[in-house]
Amino acid sequence: ALMITDECINCDVCEPECPNGAISPGEEIYVIDPGLCTECVGHFDEPQCQQVCPVDCIPLDPDHRESRDALMKKYERITAA
Ligand code: SF4
Ligand code: SF4
């Protein structure tokens with residue numbers, strides 16, 4: 001999964017781009033639900049939120065490192081639900 005750092009300026013550009021509905025406004029900055037973020041695997045070649053973020057504050061989440069296989073399984077689980 002990816003994560004949003006405290007450099008987020010709450011511009012709301014990323015939220016509608018997420019195909020999994022993983023992004024939401026948090027208490028102070030936008031947040032990504034690691035249970036829903038597939039790094040866009042299954043939908044797009046590149047993480048869509050990273051593509052649009054104007055301040056480049058969406059890196060890989062070091063606490064949620066996943067293989068492409070695991071991300072694909074998550075995608076299948078989400079779309080089956
Ligand atoms: Fe959503 Fe893709 Fe960004 Fe993950 S990488 S939060 S799935 S847009
Ligand atoms: Fe924050 Fe970037 Fe999303 Fe804007 S696009 S809300 S700056 S994470």
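Whatever order the structure lists ligands and atoms in, that order sets their numbers, starting from 1.
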Open item on the list: Could you check whether any heavy atom of Ile9 sits closer than 4.0 Å to an atom of ligand 2, since that is the contact criterion I want to use?
Closed with: yes
Open item on the list: Tell me the protein heavy atom at minimum distance from atom 2 (Fe) of ligand 1, and give that distance in Å.
Closed with: Cys40 SG, 2.3 Å
Open item on the list: Under 4.0 Å from a heavy atom of Cys8: which atoms of ligand 2 are those, numbered in the order shown and with their elements?
Closed with: 1 (Fe), 6 (S), 7 (S), 8 (S)
Open item on the list: Could you check whether any side-chain heavy atom of Cys14 comes within less than 4.5 Å of a side-chain heavy atom of Cys53, counting everything from C-beta outward?
Closed with: no
Task: Shortest non-hydrogen separation from Lys74 to Ala1 and the atoms involved - done: NZ-CB, 4.5 Å
Open item on the list: Looking only at side-chain N and O atoms, does Tyr75 offer a donor or acceptor that is under 3.5 Å from a partner on Asn20?
Closed with: no
- [ ] Number the atoms of ligand 2 from 1 as they appear, then name those within less than 4.0 Å of a heavy atom of Val55, with their elements.
- [x] 7 (S)
- [ ] Pick one of side chain, backbone, both or neither for how Ile58 approaches ligand 2, counting any non-hydrogen atom pair under 4.0 Å.
- [x] side chain
Open item on the list: Please list, in number order, the atoms of ligand 2 under 4.0 Å from a heavy atom of Pro54.
Closed with: 5 (S)
Open item on the list: Show me which atoms of ligand 2 lie under 4.0 Å from any heavy atom of Cys11.
Closed with: 4 (Fe), 5 (S), 6 (S), 7 (S)
Task: Val31, Asn20, Ile23: member with heavy atom nearest to atom 7 (S) of ligand 1 - done: Asn20
Task: Closest heavy-atom pair and its distance - Ile78, Thr38 - done: CD1-CG2, 4.0 Å
Task: Ligand-side contact atoms (ligand 1) for residue partner Ile32, heavy atom cut-off under 4.0 Å - done: 6 (S)
Task: Glu17 side chain near Cys49 side chain, heavy-atom distance below 4.5 Å - done: no
Task: Atoms in ligand 2 with a heavy atom of Cys57 nearer than 4.0 Å - done: 2 (Fe), 8 (S)
Open item on the list: Among Pro59, Pro34, Cys37, which residue satisfies the side chain to side chain contact (heavy atoms under 4.5 Å, CB included) criterion with Met3?
Closed with: Pro59
- [ ] Would you check if Ser24 and Tyr30 make a side-chain contact, meaning some heavy-atom pair closer than 4.5 Å?
- [x] no
Open item on the list: Quick test of your reading of the structure: of Cys37, Cys53, Gly42, Gly21, whose heavy atom lies closest to atom 4 (Fe) of ligand 1?
Closed with: Cys37
TODO: Return the minimal non-hydrogen interatomic distance between Glu15 and Ile23, and the atom names on each side.
DONE: CG-O, 3.3 Å
Open item on the list: Pair Asp61, Leu2 - check side chain to side chain contact (heavy atoms under 4.5 Å, CB included), show working.
Closed with: CA-CA 5 Å; Asp61 184 344; Leu2 303 192; 5.8 Å; no
Task: Residue Tyr30 vicinity, atoms of ligand 2 by number, heavy atom under 4.0 Å - done: 6 (S)
Open item on the list: Within 2.8 Å of atom 4 (Fe) of ligand 2, is there any N, O or S atom belonging to Cys14?
Closed with: no
- [ ] Give the numbers and elements of all ligand 1 atoms closer than 4.0 Å to a heavy atom of Leu2.
- [x] 5 (S)
TODO: Could you tell me which atoms of ligand 1, counted from 1 in the order shown, lie closer than 4.0 angstrom to a heavy atom of Thr38?
DONE: 7 (S)
Task: Sub-4.0 Å heavy-atom approach of Pro25 to ligand 2 - done: no
Open item on the list: So which atom in Asp6 and which in Ile29 form the shortest heavy-atom distance, rounded to 0.1 Å?
Closed with: CA-CD1, 3.8 Å
Task: Separation of Ile58 CD1 from Thr5 OG1 (nearest 0.5 Å) - done: 8.5 Å
Open item on the list: Nearest 0.5 Å, please: how far is CD in Glu46 from CD in Gln50?
Closed with: 8.0 Å
TODO: Could you tell me whether any N, O or S atom belonging to Cys49 is less than 2.8 Å from atom 4 (Fe) of ligand 1?
DONE: no
Task: Distance filter under 4.0 Å to Asp12 heavy atoms, resulting ligand 2 atoms - done: 4 (Fe), 6 (S)
Task: Closest protein heavy atom (residue, atom, distance) for atom 1 (Fe) of ligand 1 - done: Cys18 SG, 2.3 Å
